[in-house]
Amino acid sequence: MKKILTILLLCMTFMHVNAANQANFNIVPLPNDIQETKGKPFILSQESNLWCNIITDDGLERDRRFLWQYIKEQTGISLKDNKGNKKSQIILGLNKKISNPEGYRITVNEKEILIEGSTAAGVFYGIQTLRKALPLQKDGAAIEIPAVIINDAPRFAYRGMHLDTSRHFFTVEFIKQYIDMMALHNMNTFHWHITDDQGWRIEIKKYPELTTKGSIRKRTVIGRNTDLYDNTPYGGYYTQEEARDIVRYAAKRYITVIPEIDMPGHMIGALTAYPELGCTGGPYEVNPRWGVFDDILCAGNPKVFDFVKNVLDEIIDIFPSKIIHIGGDEAPRIRWQHCAKCQGLIRKLGLKGDGKYPAEAKLQGYFTSVVEDYLAQKGRRILGWDELLEGDVKPSAIIMSWRGVEGGITAAAEGHDVVMAPTSHFYFDYYQVEGPNFREPMLIGGAIPISKTYSFEPIAEGMSEEAKAHILGVQANLWTEYISCGEVVEYQVLPRMGALCEVQWMQPEKKNFEAFVNREKHMTDIYTMYGWKYAQHLWKKIDNKGW
């Protein structure tokens, strides 16, 4: 009889403290400071209440709805809205003593969970932390949340993720999912690449043929630039209202959408629609191949600047971001070398090569400066790839360093703000393991193991304190030449988004790759809950043998 009672007591105890029903704040990214406190845990249950202590703040009310939804999806618990119950409540509030606008504090005790930030954005990141700490269950069973005080804030203000929708088109619904994936990983900037040689993807009402002609390629190359084509038309574009819808969706999750209209290169989609904008006059074809091509906008043609300004007028009306990405990369200037209009403008401006870069590079610098000045009049700043440095661009331009870190180091030393996005660590269209890759999707090539992504340090040794202050943050890029569907997008960015977000958010001394791998495992449970595909190389060996 005593044995039976002992077994029953043990079973009851196990049911009460079952680890599956306990929250764990060892999450991704790991908060900067977690202090366990004395006292009993908070019991999250169907009787718990959720409310805001400032009911007039629209951001907090939106945050409240997000937290209610996250908890319901993840645990099966439907929180109540009853401020009268002081025994089990989650309170969202503003606390101006928290200095970082994206920082937050979570205080957990037996009676309540208090999530505070100096802004609603900070509260939102606190909500993400609580959300990720919860176990996954569907039965609505009570969950123990340990008594803690968490103080946390991001290391970098710019925490970005890029998606190319020009080479392959993705639906509005998928882009919203992509934004949700970013929010889960505490990211705040969506770099949306929407124009390129293989398709113009945004409606511009003044130039309707950009989408009726420039968005459709007649065929697409098969494989890695073979001489074979599928001979199937491929297209798609976003209406201005669809783009605004995406901007609103992102803003509710405290994510800024930065559009990229690449210029003067990567413009064959536009040249196909309006061939008079090129140096040769065409004819042009929306390019069915991948790569870099000689045909770019004609800098010597005044109509080109009218075109660019008119396009940007509509872009800045759609996108409230204070930053507009103008590309500037991979623009061969061979057409300019043989174009009478371009050479005439070079002479008129008195542009000279400097031994390192030719006069045509200086012409691109002039082109960039005209665009930068125009956007500055509209209250916007330009962001561009590190090739901008070849043309004496103004210090107010933000540089995105992709060809390694050297461009970013140079730019910061010259007074430019910088976003680090080097190919070596953050091109997520590369393989995640060294070849052979028979069991992987066909990709552009190269390999970036997740450990290498995790190892990146954005602040280079030897940088001055002034230069360090110009490093705004870090971004990863996903180019889609070989990525034609959403499942492959998911597979390529997950779990690498987890490694990226710890680079973006955490202080470097807190990072530990082995610990990250263990913490990321719970994130994969969340990915699975939403039906997102993810690579599993971190936890099991993938068989790469052929037939």
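Between Phe305 and Tyr366, the two ring planes are perpendicular [angle over 60°; tilted spans 30° to 60°]. Classification of the Tyr527-His185 ring pair by plane angle, with boundaries at 30° and 60°, yields tilted.
Between the side chains of Glu102 and Asn188, at least one donor-acceptor pair of N or O atoms lies under 3.5 Å. In this model, a donor atom of one side chain and an acceptor atom of the other lie less than 3.5 Å apart for Gln475 and Asn477. A side-chain donor from one of Asp63 and Tyr254 sits under 3.5 Å from a side-chain acceptor of the other.
Side-chain contact between Tyr454 and Leu500: absent, with no pair of heavy atoms (C-beta onward) separated by less than 4.5 Å. Using a 4.5 Å heavy-atom cutoff, the side chains of Trp385 and Glu260 are in contact. For the pair Phe124 and Phe66, the minimum side-chain heavy-atom distance is below 4.5 Å. Ile382 places a side-chain heavy atom less than 4.5 Å from the side chain of Thr368. Residues Pro332 and Val292 meet the side-chain proximity criterion, which asks for heavy atoms closer than 4.5 Å. Counting heavy atoms from C-beta outward, Val308 and Leu297 have side chains that approach closer than 4.5 Å. Side chains of Tyr427 and Ile448 form a contact here, defined as non-hydrogen atoms less than 4.5 Å apart. Contact check for Ile444 versus Trp290: no side-chain heavy atoms found under the 4.5 Å cut-off.
Under the side chain to side chain donor-acceptor pair (under 3.5 Å) criterion, the residue pairs touching residues 321-332 are His266-Glu330, with sequence neighbours excluded.
In this structure Lys303 satisfies the salt bridge (charged side-chain N to carboxylate O under 4.0 Å, His left out) test with no other residue, sequence neighbours excluded. Evaluation of the side-chain hydrogen bond (donor to acceptor under 3.5 Å, both in side chains) rule for Thr256 yields no partner, not counting sequence neighbours. Partners of Tyr357 under the side-chain contact (heavy atoms from CB on, under 4.5 Å) rule, at least two apart in sequence or in another chain, are Asp354, Ala361, Glu390. Every residue meeting the side-chain hydrogen bond (donor to acceptor under 3.5 Å, both in side chains) condition with Lys394, not counting sequence neighbours, appears here in chain and number order: Asp373. Contacts of Lys533 classified as salt bridge (charged side-chain N to carboxylate O under 4.0 Å, His left out), with partners at least two apart in sequence or in another chain: none. Listed by chain and number, the residues in a salt bridge (charged side-chain N to carboxylate O under 4.0 Å, His left out) with Arg519 are Glu502 (sequence neighbours excluded). In this view, Asp180 and Tyr249, Arg253 satisfy the side-chain contact (heavy atoms from CB on, under 4.5 Å) rule, not counting sequence neighbours. Remark: Ile459 engages Arg155, Phe156, Glu457, Met463, Lys468, Ile471 in a side-chain contact (heavy atoms from CB on, under 4.5 Å) (not counting sequence neighbours). In terms of the side-chain contact (heavy atoms from CB on, under 4.5 Å) criterion, residue partners of Arg244 (sequence neighbours excluded) are, by chain and number, Gln240, Glu241, Arg248, Asp317, Ile318.
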Distance-only criterion, 3.5 Å: show the donor-acceptor pairs between side-chain atoms of residues 271-279 and protein atoms not counting sequence neighbours.
| residue | atom | partner | partner atom | Å |
| --- | --- | --- | --- | --- |
| Thr272 | OG1 | Ile268 | O | 2.8 |
| Thr272 | OG1 | Val286 | N | 3.0 |
| Tyr274 | OH | Glu209 | N | 3.2 |

Sequence neighbours excluded and cut-off under 3.5 Å, please list the side-chain donor-acceptor pairs for residues 163-170, or say none.
| residue | atom | partner | partner atom | Å |
| --- | --- | --- | --- | --- |
| Asp164 | OD1 | Ser166 | N | 2.8 |
| Asp164 | OD1 | Arg167 | N | 3.3 |
| Asp164 | OD2 | Arg167 | NH1 | 3.1 |
| Asp164 | OD2 | Thr480 | N | 3.2 |
| Asp164 | OD2 | Thr480 | OG1 | 3.2 |
| Thr165 | OG1 | Trp192 | NE1 | 3.1 |
| Thr165 | OG1 | His193 | O | 3.1 |
| Ser166 | OG | Thr195 | N | 3.0 |
| Arg167 | NE | Gln198 | OE1 | 2.7 |
| Arg167 | NH2 | Asp196 | OD1 | 3.4 |
| Arg167 | NH2 | Asp196 | OD2 | 3.4 |
| His168 | ND1 | Thr480 | O | 2.7 |
| His168 | ND1 | Ile483 | O | 3.4 |

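A cation-pi arrangement, defined by a distance under 6.0 Å to the six-membered ring centre and an angle within 45 degrees of its axis, is absent between Arg335 and Tyr284. Judged by a 6.0 Å distance limit and a 45° cone about the ring axis, Arg201 is not positioned over the six-membered ring of Tyr238.
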Next on the checklist: Between Gln492 and Leu443, is the side-chain contact (heavy atoms from CB on, under 4.5 Å) condition met? List the steps.
Outcome noted: CA-CA 10 Å; Gln492 286 302 111; Leu443 301 171; 3.4 Å; yes
Next on the checklist: Would Tyr207 and Thr211 count as a side chain to side chain donor-acceptor pair (under 3.5 Å) here? Give the steps.
Outcome noted: CA-CA 8 Å; Tyr207 300 101; Thr211 46; over 6 Å; no
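In this structure, Lys176 places its NZ atom where more than 12 heavy-atom neighbours from other residues, nucleotides or ligands lie under 6.0 Å away.
For an aromatic pair to be called close, the ring centres must be under 6.0 Å apart, and Trp479 with His191 fails this. Taking the ring centroids of Tyr534 and Tyr491, they lie at or beyond the 6.0 Å cut-off.
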